[in-house]
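Structure record follows, encoded as structure tokens.
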Amino acid sequence: MPAKRHLSLWFPRLAAERLLRLDRGLPAGPFVVVEDQRGAQVIASMNAEAQAAGLTLGQPLRDGRAMCPGLTSRPANPVAEAAFLTTLRRWAGRFSPWVSEEAPDGLILDITGCAHLFGGEDELAAEIDRECATLGLTVRLGLADTLGAAWALARFANVAGSGHRSGDAIDQEARATRSRAVKRKHWTRGGTAPKPATQSVAPRIAPVGQTRQAIGPLPVAALRLETETVEGLTRLGLRRIDDLFGTPRAGLARRFGRHMVRRLDQALGVEPEPVSPARPPVRFAVRMGLPDPIGLEEDLLACFDRLLPELCDRLTRAGRGARRVRAEFSRSDHTMQAVEIGLARPTADPHRMRPLLGMKLSDVDAGFGIDAVRLVVTSHEPVHATQHRGHLEAGATVSNRGPGAALDDLLGRIGTRLGLEAMVRLHPAESHIPEKGATVLAAAFSQPATNWQAPARERPLRMWPPEPVMIPDLPHLPETFRWRGRDHGVASAFGPERLAPEWWLDDPAWRTGQRDYWVVTTTRGERLWLYFAHGAAQSAGWFCHGAFA
């Protein structure tokens with residue numbers, strides 16, 4: 001069995017180069033991507049020109065503009081950057097089937113048994129470098145037996161320096177201080193002054209079985225440790241990974257925690273760290289090529305009759321139900337037109353999809369003829385088996401008329417014309433406030449409410465924001481009042497019903513204090529819902545809140 005080999009890809013300028021690929025109109029020169037940190041804009045990514053100008057990550061944008069007046073900046077977009085990393089994961093699938101994302105700017109590949117397909121590990125690394133250069137991306141890679149070692153080599157190989165600078169070591173002091181220290185050491189011990197130690201640089205590809213020798217010269221930060229742990233190790237003089245090899249593990253674990261020792265074991269292969277590849281998205285699509293172009297709706301419906309059963313069989317085997325289905329029509333002039341439908345419930349029933357697709361055929365322009373039809377499920381959800389209660393319900397489901405099927409079909413037809421988002425339904429809410437007694441939900445993405453409770457008092461059929469009524473600011477209801485520019489006489493009145501505001505909330509609509517509601521029947525035959533606000537943060541007065549049927 002071949003030894004495990006892991007490849008780590010690091011894109012240090014992912015955010016900046018993503019925008020440079022999209023926006024070709026950006027001026028040449030230093031370019032940075034900024035993000036907000038504690039109310040200040042700091043540099044999160046930059047191109048090579050900005051780095052050559054002396055800018056650093058985490059530097060405030062105002063300092064960067066002072067150093068480089070021609071600096072161009074764009075705001076960071078973490079969602080788009082994550083989507084771009086997912087695209088790179090799919091691209092890296094050509095090198096290995098086991099690819100995992102390492103947010104925000106890295107990929108991990110298990111290339112065990114794959115390198116010989118590209119002529120060896122060196123040729124594989126060279127191929128990745130060439131393709132990334134063609135894509136306009138900067139990449140650093142590391143290849144080793146373990147995931148932790150590959151990660152360390154990708155980010156710290158071929159980088160001079162001893163890691164974190166704390167100022168505690170003599171080699172981190174000023175040049176004059178080091179010179180005096182060397183002279184003092186030479187005077188006390190005698191002999192020639194020692195030459196300064198040179199930093200050994202690790203290659204980016206560690207040979208099989210030589211992980212320890214490859215990562216030994218790297219700084220301890222290459223073990224994926226927290227900043228506090230790196231600073232503590234540096235203060236003790238443990239600056240490189242090989243300094244930890246001879247240190248007792250028990251003492252390190254007591255002082256820095258088990259996590260630090262675990263990271264070291266993972267890098268050396270003592271503790272396994274497998275690559276967990278992302279699960280590929282489940283796609284459902286069927287296609288039919290036609291020998292001759294067609295353009296009649298009857299012919300397109302016949303294509304649906306051939307494609308929908310196969311599409312629904314795939315959905316059923318996967319335990320999924322379609323939410324949105326797109327029909328793509330490839331015309332003979334090498335153009336394509338698409339229509340899309342939405343369903344009120346996830347389903348794998350072709351008899352519910354076909355009528356909705358047929359309603360959209362009037363929007364299709366066949367042009368010189370359609371020579372291919374493709375159905376794609378753009379959105380799907382899991383569906384579960386239903387436990388039927390009795391033979392009547394089971395028979396209705398078998399006949400494609402299950403409970404609520406007629407309503408779902410109606411919602412689907414209306415949604416095809418108006419859009420599923422245009423249909424809403426009400427669900428009960430826990431509040432004694434009249435306007436908060438129900439919650440508005442999307443009808444296509446919610447179930448009908450079954451726990452409605454009748455209110456203690458009758459509520460109006462229509463409600464609107466309270467409108468002022470021309471009545472003296474007294475709690476007594478007069479015989480006449482003026483509302484919406486007309487005079488109304490009071491034929492009968494029922495009330496009052498006192499409602500208090502929710503004291504734990506500051507609702508601007510209830511700053512007039514407690515309300516006394518009256519059901520008023522006017523001489524014009526209207527039944528209005530009036531209330532008298534006793535006044536609190538705002539003055540008292542009469543208002544009209546709704547109308548009964």
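None of these values were measured; they are calculated from a predicted model. Positions are given from 1 along the sequence.
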| Under the 3.5 angstrom rule, does the side chain of E17 hit a backbone N or O of T138 as a donor-acceptor pair? | yes
| query | Is there a donor-acceptor contact under 3.5 Å linking the side chains of D333 and T335? | reply | yes
| task | Compare all side-chain heavy atoms of P30 with those of T72 and state whether any distance is below 4.5 angstrom. | result | no
| task | Measure across V377 and A322 and return the closest heavy-atom pair with its distance rounded to 0.1 Å. | result | CG1-CB, 3.8 Å
| task | Mind telling me whether F548 and W529 have parallel, tilted or perpendicular rings, with 30° and 60° as the class edges? | result | perpendicular
| task | Return yes if some donor-acceptor pair links the side-chain N/O of N77 with the main-chain N/O of A80 below 3.5 Å, else return no. | result | yes
| query | If you round to the nearest 0.5 Å, how far is CD of Q538 from CZ of R511? | reply | 7.0 Å
| message | Any heavy-atom pair between the side chains of V99 and P277 that's under 4.5 Å? | response | no
| query | Between T229 (side chain) and L225 (backbone), is there a donor-acceptor pair under 3.5 Å? | reply | no
| message | Using the rule given for side-chain hydrogen bond (donor to acceptor under 3.5 Å, both in side chains), can you reason through Q51 versus R13, listing the C-alpha separation, both sets of side-chain angles and the distance that settles it, and then say yes or no? | response | CA-CA 10 Å; Q51 185 175 4; R13 303 187 179 100; 2.4 Å; yes
| Do you know the tightest heavy-atom contact between V34 and S73? | CG1-CB, 4.3 Å
| query | Does the side chain of R323 come within less than 4.5 Å of H380's, by heavy atoms? | reply | no
| field | Lys/Arg-Asp/Glu bridge criterion (N-O < 4.0 Å) met for E328, R287 | value | no
| field | Minimum heavy-atom distance A15-E81, with the two atoms named | value | CB-OE2, 3.3 Å
| query | Rounded to the nearest 0.5 Å, how far does SG of C303 lie from CD of E298? | reply | 12.0 Å
| message | Looking at H432 and A500, would you say the former's side chain and the latter's main chain have a donor-acceptor pair under 3.5 Å? | response | yes
| If only atom types and distance count, is the side chain of Q59 paired as donor or acceptor with the main-chain N or O of T56 below 3.5 Å? | yes
| query | Can you check whether L14 reaches L88 side chain to side chain, under 4.5 Å on heavy atoms? | reply | yes
| Where M463 and E435 come nearest, the two heavy atoms and their spacing | CE-N, 3.9 Å
| request: Check K360, R324, R326 against E340 for a side-chain hydrogen bond (donor to acceptor under 3.5 Å, both in side chains) and give me the one that passes. | output: R324
| task | Examine distances only and state if a side-chain atom of T86 and a backbone atom of A82 form a donor-acceptor pair shorter than 3.5 Å. | result | yes
| V376 side chain near V325 side chain, heavy-atom distance below 4.5 Å | no
| request: Could you check if a side-chain atom of E526 sits within less than 4.5 angstrom of a side-chain atom of V520, using non-hydrogen atoms only? | output: no
| field | Note, D105 side chain near L85 side chain (heavy atom, < 4.5 Å) | value | no
| said: One thing to verify: whether D305 and R354 come together as a salt bridge, which I'm taking to mean a side-chain N less than 4.0 angstrom from a carboxylate O. | reply: yes
| field | Test ring-ring contact (aromatic ring centres under 6.0 Å, His included) applied to F532 and W518, F481, Y517, W542, the passing residue | value | W542
| task | Walk me through it: do F329 and D371 pass the test side chain to side chain contact (heavy atoms under 4.5 Å, CB included)? | result | CA-CA 8 Å; F329 305 96; D371 53 15; over 6 Å; no
| R482 bridged to E467 by N-O distance under 4.0 Å | no
